[in-house]
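Below is one structure, written out as structure tokens, with a few remarks after it.
In what follows, every chain begins at residue 1, and chains take the letters A, B, ... in the order their sequences are listed. Not measured: the values here are computed from a predicted model.
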Amino acid sequence: MNVHEYQAAKVLATYGIPVNPGKVASTPDEAEAIARELGGTVVVKAQVHTGGRGKAGGVKLAHTPVEAGEAAAAILGMDIRGHTVHKVLIAKGADIASEFYLGVVLDRPNRKVLVMASAEGGVEIEEVAKTNPDAIVKRLGDPLVGFRPYQAREMGFEMGLPADKINGFAAIASKLYDVYFNEDATLVEINPLILTGDGQWLALDSKMSFDDNALARHPDTEDMRDLNEENATELEAKRNGISFVKLDGTIGCIVNGAGLAMATMDAVKLHGGEPANFLDVGGGANASQVAKAFTLVTADRNVRAILINIFGGITRGDEVANGIREALGQVAVEVPIVVRLSGTNAEEGKSILAEAGITAVTSMDLAAAEVVKAANG
Amino acid sequence: MNVHEYQAAKVLATYGIPVNPGKVASTPDEAEAIARELGGTVVVKAQVHTGGRGKAGGVKLAHTPVEAGEAAAAILGMDIRGHTVHKVLIAKGADIASEFYLGVVLDRPNRKVLVMASAEGGVEIEEVAKTNPDAIVKRLGDPLVGFRPYQAREMGFEMGLPADKINGFAAIASKLYDVYFNEDATLVEINPLILTGDGQWLALDSKMSFDDNALARHPDTEDMRDLNEENATELEAKRNGISFVKLDGTIGCIVNGAGLAMATMDAVKLHGGEPANFLDVGGGANASQVAKAFTLVTADRNVRAILINIFGGITRGDEVANGIREALGQVAVEVPIVVRLSGTNAEEGKSILAEAGITAVTSMDLAAAEVVKAANG
Amino acid sequence: MSILVNNDTRLLVQGITGREGSFHTTQMVEYGTNVVAGVTPGRKGQEIAGVPVFDTVQDAVEATQANTSIIYVPARFAPDAIYEAVDSGIELVICITEGVPVNDMVPVYHYVRQQGARLIGPNCPGLITPGQAKVGIMPGFIHKPGKVGLVSRSGTLTYEVVNALSEAGLGQSTAVGIGGDPVIGTSFIDCLALFQEDPDTEAIVMIGEIGGTDEEDAAAFISANVTKPMAGFIAGQTAPPGKRMGHAGAIISGGAGTAAEKMKALEAAGVRVAQSPSQVPGLLQEAMSA
Amino acid sequence: MSILVNNDTRLLVQGITGREGSFHTTQMVEYGTNVVAGVTPGRKGQEIAGVPVFDTVQDAVEATQANTSIIYVPARFAPDAIYEAVDSGIELVICITEGVPVNDMVPVYHYVRQQGARLIGPNCPGLITPGQAKVGIMPGFIHKPGKVGLVSRSGTLTYEVVNALSEAGLGQSTAVGIGGDPVIGTSFIDCLALFQEDPDTEAIVMIGEIGGTDEEDAAAFISANVTKPMAGFIAGQTAPPGKRMGHAGAIISGGAGTAAEKMKALEAAGVRVAQSPSQVPGLLQEAMSA
């Protein structure tokens, strides 16, 4: 789960990390009032769950409250990489002397948590990794005794920080590691972390993602969820125990198992089609789950045909077939359906579907070819 | 540092451990008012930093508010093992179905933290260890991943708890381990931990000690300090970087180094005397430290002679001798002083002291013999 | 022969009285797995599919000498269940449970290694040595005893490939589902090393997916250490970046973890990589006769 | 020969620019210890007693191949300093610092062991191999090179005994102050094992005190493993129960940890236990000629 910049800043502040004070506005009037309250030059920033705001014109400097209102008017409602701007953050303009990057993320190969920093702040870390990998300094937290202050100091010295800035940097890095662990984040990033003209550390912009599997123990985090930023269909799927990801193609996919669902998308592509979604219906594949899957898939107007790919394991093919028939009685599906059934009682299942006038085959490749033909036909 | 039962109960409550609600009174009137507020039978308990309250008559049951006031009147001011009772805790009488012991303490040989429990609650654990050691169940917390819930369950099953009481017990044991670690305790003990007639867990009495070296990071703990319970001389010594423990003998000891200070006490005893104190003056042994040590030692009216035992290492014997002379100019010492000086420049030091009319010898045994003679003379 | 589980496996089921635990215990017993004990605290004395239930793993191990454990408890209890198994002397722990927070698994991973035990999963289907021991939730009947070792991050996709192998007459020595989470106890490399050493495994199939670099690391290991013929498949060629594809670990992030990179790395290591699961048996046979 | 420190010791001082650190660096250099580097973050380029100062232990080790470190930083920074030393490849870490909370030392103790390094202290005077390396705060001049290994929980009391030994013509191979805290990195047993194996140590002196059961554990070890003649002393025969005698670890609690028990255990293990420190040389000579 992702949160907005202003929400991430609040989390950082509760850990004692110095952030640039600001407030959120939903209207130009609110923005103007906040700018007046803050005084001086402010920056108006689009609050959306995506990067590239600056390039898209979602970040504007305003020298007066009126300018702030105008900037907010321009940004609110803007579409940035498919995200509509509903809120802007109004924050005091900062006196930036130097910019840094500081981030904490899981290091999968080592099964440890990685703290990364770079003196090339304000640039995406992936970009720095490509253009100047030596500029990134890294330390792994020990899984059992954590991230130690000396590691943070080493990072500061390696980045070439002056001696009197080392302890301040180390304190922020240690606190950011605590944020990652205590809040069950999957990513926390301050970019840029700045030194101001008068030598103070300040987290100017930050980003956080949280482990969905740990949200149950973090009700405060769940409260930060912005439904505007989430795909309604994906949320609806999740509530029903279905994994769903919307894609741009025309062929709806309903599959049991995440790996098989990806492989099914790949097969559609291999046979010349484009998948409209990733959908893992979960273990059971019973009538109500399949009916829910139909509803999710057919909500997408681009879908021109549906491929159901079920490998019967513990769940038998005939049960699945009956489930599909039943689901079709509950949900009106107006596009062609191709079913691929394999594994336990696949033949019985195919007979049941044939009786209902539904094409059912054994081979996944054949099913993919058929569904592409159906979508184009 | 030790705290009172009512303070320990507050700490337990903040961790979600169920405690018997009660309030503290300093006068019989307050006690009566609290008993009236609580209603029903109450127990009135002396709040002192020592065990054996029950045997000493410091715990009384009261069926009415008036009885509670009377009980408080009887207990307040009472002397229990040398501790004067200044406060009583008034708590609701509990319906005890069964009593248990639960404690967390450092296991020195394993360098790990030990959780102990016993179905023989209400008795001192040292007593159980002697009479029925098999009744004590133990589990070590892992220094790196902590005390795990399954360990608490195992302890519950081993104590013969019924199945429906296991999870409740395990939750309390895990929380008590957290108290120990998060609060930097050296001992936390619930005794008795009870099951009430209606099957609820309740911490009826508890005891906590804290690591003096960690108090700086626990201001809340430091706030619980009861100066009535601390030896004023020991506190005064601590403020001056001196380790001091009051004893019952007649020979005051001033020594540099804790181990040597103990050995000096032992030597006094070996030569027929009784030490009046343990005193480690710290590394420097300069004039102001020695003067402070004189003040501390002579505050004890039992002291009839003083043994100063200094091993000159980094600090030179002549410096120490001058320090002693200077200190004697600041503090009037009316009992005989025997100085033992050894190590660096011991001879120079002894000459300086001889000029000041102070007996100074090289041998620790001889010094001990001399001081015992002086005390008896 | 085989790897990790076989006729010597003495299986303990943690969470045996739960819905999943009891169902799959029955299935495993029916398959012929030697399920010796189950654990659910407070349920001592019960039986599930003829298997005695104990209060603690310690009690169960003492009474039955269980050496392998499979875990079906809910996610928030899974780390404790793993610690309990390892501390009670269980050598091989299979955690089926899905949804364990990553921050919980980081210390678990390192603790298990430190204690010299082995964890498979979490969020995995388990593993099976056909004809000997099914320790997991896979449909047993699709597997055939044979000489192909299989290791996979996926569940159903594994069954798909196993089924195709069996139909092509390629039985399996052992098929291991290592799980789809970002932090799992046993990696591709661990299993490849075991298969390489297992005299009865003659060829190896590896099924990867997007996310992380375990497949790339495996490719490097294969180049240096694996001499047996191999075929593979990587799911997620059409997955978009930044989106989690069902499995918590299946996500392309920061441009890393794509199927294309993984396929390239495996091919460079001499693995024949299929475009579709159905091609795996053919490619493997090619590799075996090359 | 000797144990732990000698002419091959390349010493690093953590907290070298502090009051204690700089004073004792000068003392150690004057004694002839090979002090190669110091560390205080932000003080790179300075020198203390001719010893170059670095920002990090890593930098210092790279530049000077230091293999031993001594720590003089304040208590709240000491655990981090120990971790930094161990993670930078230092094999032997001596922590002089007093007042480290016990809960901090518990994970440090186990981490250091796990990494295969050795910690002495905290709250200790350090150790010395007379004529070769003084790594601590003890007065060097009282020590004489020789054949007696000494291990002690105390500081000044150790100097007392060392002085008595030297005056009696009994020089020391190495004298180790292991520290007076409840959790210390190196125990009596560790040192006894090293002295027993050291060909140049012919007799051993052990100085204990009240609190804990390390002396009793040492006695059991001595019975089973130590063949060299031994004398000992236990401080605190007159200490009352429940009171901490200066050292954080010197406390009789729950009736355990008394001097009497410890003396009894050591005597039963064949150690000649003195009533007074001055008796130690005589008892040791007796033991050596027995």
Check your understanding: Is chain A contacted by the side chain of C:Y159, its backbone, both, or neither, given a heavy-atom distance below 4.5 Å?
Key -> both
Exercise for review: Please step through side chain to side chain contact (heavy atoms under 4.5 Å, CB included) for the pair A:V255 and C:T156, ending with a clear verdict.
Suggested key: CA-CA 10 Å; A:V255 191; C:T156 326; over 6 Å; no
Using a 4.5 angstrom heavy-atom cutoff, name the option from [options] with the most pairs to chain C.
options	result
A:P143, A:A129, A:S243	A:P143
A:G343, A:S342, A:A267, A:A258	A:A258
A:K112, A:R217, A:E124	A:R217
A:G259, A:A185, A:A261, A:G249	A:G259

For the [atom1] atom of [X] and the [atom2] atom of [Y], what is their distance to the nearest 0.5 Å?
X	Y	atom1	atom2	value
A:N213	C:D181	CG	CG	6.5 Å
A:D266	C:I234	CG	CD1	10.5 Å
C:I184	A:R111	CD1	CZ	5.5 Å

Practice item. Please lay out, stage by stage, how A:E234 and C:R244 fare under the test salt bridge (Lys or Arg N to Asp or Glu O under 4.0 Å). Key: CA-CA 11 Å; A:E234 293 180 17; C:R244 228 165 268 281; over 6 Å; no
Review point. If we only count heavy atoms from C-beta on, is the C:M245 to A:V245 side-chain gap below 4.5 Å?
Key: yes
Check your understanding: Looking at side-chain heavy atoms only, is the closest gap between C:Q237 and A:M262 below 4.5 Å?
Key -> no
**Study point:** A:K269/C:Q275 under side chain to side chain contact (heavy atoms under 4.5 Å, CB included): CA gap, chis, key distance, verdict
**Key:** CA-CA 11 Å; A:K269 175 83 173 183; C:Q275 292 291 314; over 6 Å; no
Point to revise | Audit row: A:K246, C:K243, side chain to side chain contact (heavy atoms under 4.5 Å, CB included) steps and yes/no | key: CA-CA 10 Å; A:K246 166 96 179 67; C:K243 283 288 193 174; over 6 Å; no
Review point. After noting the C-alpha distance and the side-chain angles of A:L270 and C:S276, does the key distance pass the side chain to side chain contact (heavy atoms under 4.5 Å, CB included) rule?
Key: CA-CA 8 Å; A:L270 192 66; C:S276 161; 4.1 Å; yes
Check your understanding: When you look at C:D217 and A:R108, which way does the salt bridge (Lys or Arg N to Asp or Glu O under 4.0 Å) test go after all the steps?
Key -> CA-CA 11 Å; C:D217 298 344; A:R108 287 172 62 163; over 6 Å; no
